[in-house]
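Quick notes on the structure that follows.
What you see below is based on every heavy atom in this structure, not just the backbone, and it leaves out hydrogens, waters and symmetry mates.
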Amino acid sequence: MRERGGHLGPTLGIMHFLFRLIISVYLWGIFTAQGQKAEESIEEVKIEVLHRPENCSNTSKKGDLLNAHYDGFLAKDGSKFYCSRTQNEGHPKWFVLGVGQVIKGLDIGMTDMCPGEKRKLIIPPSFAYGKEGYDKSLPEKGI
């Protein structure tokens with residue numbers, strides 16, 4: 001309904017404004033999400049299977065408790081920054097897959113593995129320690 005002079009009443013004017021605001025936020029969210037998906041598709045975890053056992057009836061999935069040794073190397077010069085064999089008295093690291101107990105790149109790269117399988121993962125910063133890095137030994141684009 002319009003009041004005299006062709007203007008919307010105060011309640012309808014507010015509703016019209018809120019409707020336009022909601023539509024604008026919704027459209028902005030769609031475009032932002034599409035941009036993030038495009039960026040994520042460029043940066044992905046690269047997986048190279050080095051050894052896969054012949055008999056593999058059960059592969060790892062989100063929620064599984066894994067026991068693994070792993071080493072971390074910097075991409076820029078190949079220097080080792082982490083070795084699970086030198087931590088925790090040489091025992092493998094225990095973690096639940098897919099719940100963020102390790103960096104996202106490991107959660108992704110260790111999914112669908114067979115017991116005894118060995119993989120080489122190349123993990124971009126967005127799936128590791130991010131733009132800030134972890135500390136001085138792990139720079140922004142290091143892993």
Side-chain angles (χ1 to χ4, degrees), residues 1-3 7-143:
M1 285 189 229
R2 295 196 182 257
E3 292 181 353
H7 296 342
L8 294 174
T11 304
L12 289 177
I14 291 171
M15 289 175 54
H16 182 71
F17 170 77
L18 289 175
F19 177 74
R20 287 180 39 195
L21 179 65
I22 290 169
I23 294 299
S24 297
V25 170
Y26 176 75
L27 291 174
W28 179 77
I30 289 173
F31 291 122
T32 303
Q34 287 176 348
Q36 288 173 345
K37 287 178 187 173
E39 186 177 308
E40 286 177 8
S41 66
I42 293 169
E43 283 198 343
E44 60 184 26
V45 175
K46 294 183 177 108
I47 301 170
E48 179 184 348
V49 177
L50 303 175
H51 169 74
R52 186 170 177 102
E54 287 183 32
N55 297 322
C56 179
S57 58
N58 193 17
T59 60
S60 60
K61 63 187 177 311
K62 182 178 180 178
D64 285 350
L65 180 63
L66 299 186
N67 183 4
H69 273 300
Y70 58 91
D71 300 329
F73 298 89
L74 296 178
K76 67 177 181 177
D77 62 7
S79 61
K80 187 184 290 190
F81 67 86
Y82 180 83
C83 176
S84 64
R85 289 167 187 83
T86 61
Q87 305 291 317
N88 195 27
E89 298 178 2
H91 299 289
K93 179 166 179 69
W94 286 94
F95 62 95
V96 178
L97 186 65
V99 298
Q101 292 183 351
V102 292
I103 60 173
K104 188 173 182 179
L106 284 178
D107 276 338
I108 292 168
M110 296 182 80
T111 300
D112 294 323
M113 284 186 76
C114 299
E117 183 174 333
K118 294 182 190 319
R119 291 182 177 183
K120 176 182 177 181
L121 307 176
I122 299 176
I123 302 172
S126 59
F127 292 108
Y129 299 106
K131 291 183 178 182
E132 290 77 35
Y134 179 70
D135 61 18
K136 291 179 183 175
S137 66
L138 294 177
E140 172 184 340
K141 297 179 181 172
I143 301 176

Note to self: Using modelled atom types and a 3.5 Å cut-off, is there a donor and acceptor pairing between side-chain atoms of D64 and backbone atoms of L66?
What the structure shows: no
Notebook entry, point to check: Are any non-hydrogen side-chain atoms of V99 and L97 less than 4.5 angstrom apart?
Noted result: no
Next item on the list: Determine the minimum heavy-atom distance between E43 and P125, stating which atoms define it.
Entry: OE2-CD, 4.4 Å
Check: What is the minimum heavy-atom distance between T86 and C83, and which atoms define it?
Finding: OG1-O, 2.9 Å
Next item on the list: Decide if the gap between the ring center of Y82 and the ring center of F73 is smaller than 6.0 angstrom.
Entry: no
Note to self: With a 3.5 Å distance limit and no angle check, can you tell me whether R85 reaches the backbone of H69 through a side-chain donor-acceptor pair?
What the structure shows: no
Checklist line | Under 3.5 Å donor-acceptor, Q101 side chain and V96 backbone | finding: yes
Note to self: Between Y70 and V102, does the side chain to side chain contact (heavy atoms under 4.5 Å, CB included) criterion hold? Intermediate values first, please.
What the structure shows: CA-CA 11 Å; Y70 58 91; V102 292; 4.1 Å; yes
Below 3.5 Å, can you tabulate the donor-acceptor pairs from side chains in residues 48-55 to any protein atom, sequence neighbours excluded?
{"residue": "R52", "atom": "NH1", "partner": "E117", "partner atom": "OE1", "Å": "2.9"}

Checklist line | Check: I103 and F127 side chains under 4.5 Å, non-hydrogen atoms | finding: no
Margin query: Testing the basics here: between P92 and N67, what is the closest heavy-atom pair and its distance to 0.1 Å?
Written below: CB-OD1, 2.6 Å
Margin query: Please check: side-chain N/O of S84 versus main-chain N/O of K93, any donor-acceptor pairing under 3.5 Å?
Written below: no
Checklist line | Salt bridge present between K62 and D107 (N-O < 4.0 angstrom) | finding: no
Next item on the list: Please examine the side chains of I122 and V45, heavy atoms only from C-beta on, and report whether any two atoms are closer than 4.5 Å.
Entry: no
Next item on the list: Output the distance between atom CG (L121) and atom CD1 (I47), rounded to the nearest 0.5 Å.
Entry: 6.0 Å
Check: What's the shortest heavy-atom distance between I123 and L106, and which atoms?
Finding: CD1-N, 4.0 Å
Next item on the list: Find the distance between NZ (K80) and CG (D71) and round it off to the nearest 0.5 Å.
Entry: 4.0 Å
Check: Quick one: salt bridge (charged side-chain N to carboxylate O under 4.0 Å, His left out) partners of K118, sequence neighbours excluded?
Finding: none
Checklist line | Donor-acceptor under 3.5 Å (S60 side chain, M110 main chain) | finding: yes
Note to self: Can you give me the closest heavy-atom contact between N58 and P115, atom names plus distance?
What the structure shows: O-CD, 3.3 Å
